[in-house]
Amino acid sequence: MSLAEKLDLYSKEYWDFRNSKNEGIHKIANYPAPMVAPMQHELLQLLVNENPNYHNMLDPFHGTGVTLVEGQEIGLEVFGIDINPYAHIISLAKLEKYNPDEIKQANTNMLNRIELLKNDGSYERYSFDNISKWFRDDVIESLSIIRAAIEQEQNRKNRRYYWLCFGEIVKKYSNTRTSTFKLHVKEAEKIEEMENHIYRDFKKKIEETYILIGYPPVGKFELKCGDSNSIMTELEKESFDIICTSPPYGDNGTTVTYGQFSTLQLLWIDSNDFKYDNSCIDNYSKIDSLSLGGTLSRNNAFYCSPLLSDYIEKISPHKRKKIMQFYSDYENSFRSMVRLLKINGSMVLTLGNRKVDGIEFPFTQINADIAQHYGLKVEYVITRNILNKRMPRKVSRLSDGQSVSSMSKETTLLLKKES
Ligand SMILES: C[S@@+](CC[C@H](N)C(=O)[O-])C[C@H]1O[C@@H](n2cnc3c(N)ncnc32)[C@H](O)[C@@H]1O
C-alpha cells in the first residue's frame, strides 16, 4: 500500500486531535503556537515505516522542539535551528535530558542556597533598562535572589535546567498581559493585586520539570540558535532524509511575535550558559525583526509564484512590501531546504493561511507551487481544524489599527524529492 493509500484510511477528523493536550515533556514551558505532538509522531512514524533507511531529520524553525522530540522518540537523529534563544533553551532541555538523581540532589542545594541568600542578603539586586516597567519591586527582589542562586550552581548543564525553569517564573510574575504575545503592560490594579509566591512556584517548577522531561537521552541531536537562512547555507547538500517543520506563516512583527513573547525571560537568563548571541535582546522587537520577513530581509526571491503576484494585486499598496519581504526570505529558506534534502527524502510542512485586512494569504497553495517548481512531488495533503492551539483570537494589531485574525485551520503538505 502506498503512503497516500495508507493516509486515505484515516478519517478527516482524526487529524484534529480533538482531545489532545500539551502533555508530558511538551508541557514544560510556554511558547506560542506549538505543534500537535501525536500528529508529528504519527506522520514521522509513517514515513519511517515506508522508508526504513531514513535516519535523520532537520527542523529549520523548531520553535518549542515538538517535531525534534518526536523525531528522536522514533529513532531519528535530529538537527534543529531557531532564531529565538528562548525556543533554543526549551528545546535544548527537552533533548539533552537530566539525570533525576543529580537534579534531585542539585535541587536540595539550590533551595538551601536560596534560603541562605534570603537570610544573609549577600546578592546583588539584578537590573536592566526599564526593569521596573515590567516587574514589581518585590518581584525583582525575589527573582534576583533566585538568579544569584542559579549563578552559584557549579554544574553548567544543571544551570541550563534552572534557567529554563526560572524563565517560566519570570514570565508568570512579569507585568505583561497574558492576552497577547506582544509586550503590553497590565492595568496598575492587576499588577498590584498579584500575590508573590515566587519561591514556592520556583520550587514546584524545579521539582516537577525533570520528571516530565524524562531520562535517559534518546539519541543524537544538534541545535543551532540563529538565522536558518544563513545556517542552512553552511550545511552540506543532500544531508537529510526528512525535513519536517512548521515555518512562520508571515513576518513575526504582524503574525506571531515569538520574539516579544520571549524577551523578558531572556533578559533575566544568563546567556553565557548557552551558545547564542545575546545582542538579539538589545530591544524588545529585535528577535522579531531578525526573523523571516523582518527588517533584514534579503529581497532576493529566485522564483516568484504566480499565486503571490495575484495576491499582491489584491492588497493595498502599503501592505505589499511586508508580504514581499516575507516571501523572498521564505523562498530563500525553501530553496535551502530542497538543497539539503536527499533524493527520495521527504518534506513535511505544516502551514496556515493568515488573513490581513480580511484577505487570505494563500501560503499553503504557494508552498505547493514552490515545491513543484523545485521538483518536489505533493504526495498528500492533510487539512485539520485547529482546536487547541494556544493563540489569541486576534494575534496582533497592525500599526494602522487593523487586526490580523488567527487561523482556524492548518494544512500539512507531505512532499517527496524525486530527483
Ligand atoms: C511556527 S513556529 C514553529 C512552531 C514549531 N514547529 C513548534 O513546534 O512550536 C516558527 C519558528 O520560526 C522561528 N523563526 C522565524 N524566523 C526565523 C529565522 N530566520 N531563522 C530561524 N528561525 C526562525 C521563530 O522563532 C519560531 O520559533
Side-chain angles (χ1 to χ4, degrees), residues 20 22 25-41 43-44 57-72 78-92 94-95 181 223-235 243-263 265-266 276-277 280-281 285-298 325-334 336-337 348-352 354 363 367 386 388-391 395 406-407 410-412:
S20 149
N22 237 355
I25 187 168
H26 298 302
K27 216 171 67 175
I28 62 163
N30 286 304
Y31 192 72
M35 298 179 81
V36 179
M39 175 159 182
Q40 298 309 308
H41 191 100
L43 290 176
L44 290 170
M57 181 192 104
L58 165 71
D59 183 345
F61 306 98
H62 66 62
T64 183
V66 172
T67 48
L68 297 175
V69 169
E70 298 306 317
Q72 218 187 27
V78 297
F79 192 108
I81 309 170
D82 204 288
I83 201 159
N84 187 333
Y86 201 55
H88 179 79
I89 291 168
I90 300 169
S91 304
L92 183 59
K94 288 177 171 183
L95 296 168
F181 296 135
L223 287 186
K224 295 253 186 225
C225 186
D227 172 30
S228 55
N229 265 334
S230 323
I231 294 171
M232 283 197 282
T233 56
E234 291 157 16
L235 303 174
I243 296 184
C244 180
T245 195
S246 172
Y249 306 157
D251 65 288
N252 286 8
T254 60
T255 315
V256 179
T257 53
Y258 296 96
Q260 284 200 44
F261 174 86
S262 314
T263 304
Q265 298 90 305
L266 292 170
Y276 64 79
D277 177 3
C280 68
I281 52 167
S285 47
K286 190 153 172 198
I287 298 174
D288 293 318
S289 64
L290 293 172
S291 297
L292 283 199
T295 49
L296 281 185
S297 179
R298 292 156 188 76
Q325 267 182 333
F326 172 72
Y327 177 82
S328 58
D329 263 5
Y330 182 67
E331 196 272 346
N332 201 24
S333 315
F334 201 111
S336 291
M337 291 195 281
V348 183
L349 299 177
T350 297
L351 308 158
R354 69 186 183 124
F363 189 48
N367 270 272
I386 306 176
N388 305 315
K389 212 165 200 169
R390 198 199 144 230
M391 285 277 217
V395 287
S406 69
M407 297 129 269
E410 66 188 8
T411 298
T412 300

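When a ligand or atom number is given, it counts from 1 through the structure's own listing order. From a predicted model like this one, the values you see are computed outputs, not experimental measurements.
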Close approach of [X] to ligand 1, heavy atoms, under 4.0 angstrom:
X	value
Asn229	no
Gly226	yes
Gly259	no
Thr67	no

- Item | Derivation and outcome, side chain to side chain contact (heavy atoms under 4.5 Å, CB included), residues Leu223 and Ser91 | CA-CA 8 Å; Leu223 287 186; Ser91 304; 4.0 Å; yes

For ligand 1, is any non-hydrogen atom under 4.0 Å from [X]'s backbone (N, CA, C, O), its side chain (CB onward), both, or neither?
X	value
Tyr31	side chain
Tyr258	side chain
Pro247	backbone

Going by the order shown, which atoms of ligand 1 are within less than 4.0 Å of some heavy atom of [X]?
X	value
Asn84	25 (O)
Asp227	18 (C), 19 (N), 20 (N)
Ser246	1 (C), 2 (S), 3 (C), 4 (C), 6 (N), 10 (C)
Thr64	7 (C), 8 (O), 9 (O)
Pro34	9 (O)
Ser291	15 (C), 16 (N)
Ala33	4 (C), 9 (O)
Ser228	18 (C), 20 (N), 21 (C)

- Task: Tell me, with the steps shown, if Leu266 and Ile89 meet side chain to side chain contact (heavy atoms under 4.5 Å, CB included).
- Result: CA-CA 10 Å; Leu266 292 170; Ile89 291 168; 3.9 Å; yes

Which protein non-hydrogen atom lies closest to [atom], naming both residue and atom, and how far is it?
atom	value
atom 5 (C) of ligand 1	His62 O, 3.5 Å
atom 6 (N) of ligand 1	Met35 SD, 3.0 Å
atom 15 (C) of ligand 1	Pro248 CG, 3.5 Å
atom 12 (O) of ligand 1	Phe61 CB, 3.4 Å

With no hydrogens and no angle check, just 3.5 Å: does a side-chain donor-acceptor pair link [X] and [Y]?
X	Y	result
Asn367	Tyr330	yes
Asn229	Ser333	yes
Ser285	Asp288	no

- Task: Using heavy-atom distances, let me know which of Thr350, Asp82, Leu351 sits nearest atom 26 (C) of ligand 1.
- Result: Asp82

- Tell me which one of Leu290, Val36, Ile83, Asn332 gets a heavy atom nearest to atom 17 (C) of ligand 1.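 Nearest option to atom 17 (C) of ligand 1, by heavy atoms: Ile83.
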
- Task: Hey, can you tell me if Tyr276 and His88 have their rings parallel, tilted or perpendicular (30° and 60° cut-offs)?
- Result: perpendicular

- Take the angle between the ring planes of Phe261 and Phe181 and call it parallel below 30°, perpendicular above 60°, tilted in between. perpendicular

- Query: Would you find more than 12 non-hydrogen atoms of other residues, nucleotides or ligands less than 6.0 Å from Lys224 atom NZ?
  - Reply: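 No - once you tally the heavy atoms of other residues, nucleotides and ligands closer than 6.0 Å, there are 12 at most.
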
- Yes or no on side-chain hydrogen bond (donor to acceptor under 3.5 Å, both in side chains) for Thr67 and Asp59, after CA distance, side-chain angles and deciding distance? CA-CA 7 Å; Thr67 48; Asp59 183 345; 2.5 Å; yes

- Query: Hey, which of Thr350, Val69, Leu68 is the one that makes side chain to side chain contact (heavy atoms under 4.5 Å, CB included) with Gln40?
  - Reply: Thr350

- Item | Trace of the side chain to side chain contact (heavy atoms under 4.5 Å, CB included) decision for Thr64 with Lys94 | CA-CA 9 Å; Thr64 183; Lys94 288 177 171 183; 3.3 Å; yes

- Task: Give yes if a backbone or side-chain nitrogen or oxygen of Leu292 is under 3.5 Å from a nitrogen or oxygen of ligand 1, and no if not.
- Result: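 Such a contact does occur with ligand 1.
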
- Query: Out of Tyr249, Tyr31, Phe61, which residue meets the ring pair (Phe, Tyr, Trp, His ring centres under 6.0 Å) rule with Tyr258?
  - Reply: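 Of the listed residues Tyr249, Tyr31, Phe61, the ring pair (Phe, Tyr, Trp, His ring centres under 6.0 Å) partner of Tyr258 is Tyr31.
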
- Start with the C-alpha distance between Ile243 and Val348, add both sets of side-chain angles, then the distance that settles side chain to side chain contact (heavy atoms under 4.5 Å, CB included), and finish with yes or no. CA-CA 6 Å; Ile243 296 184; Val348 183; over 6 Å; no

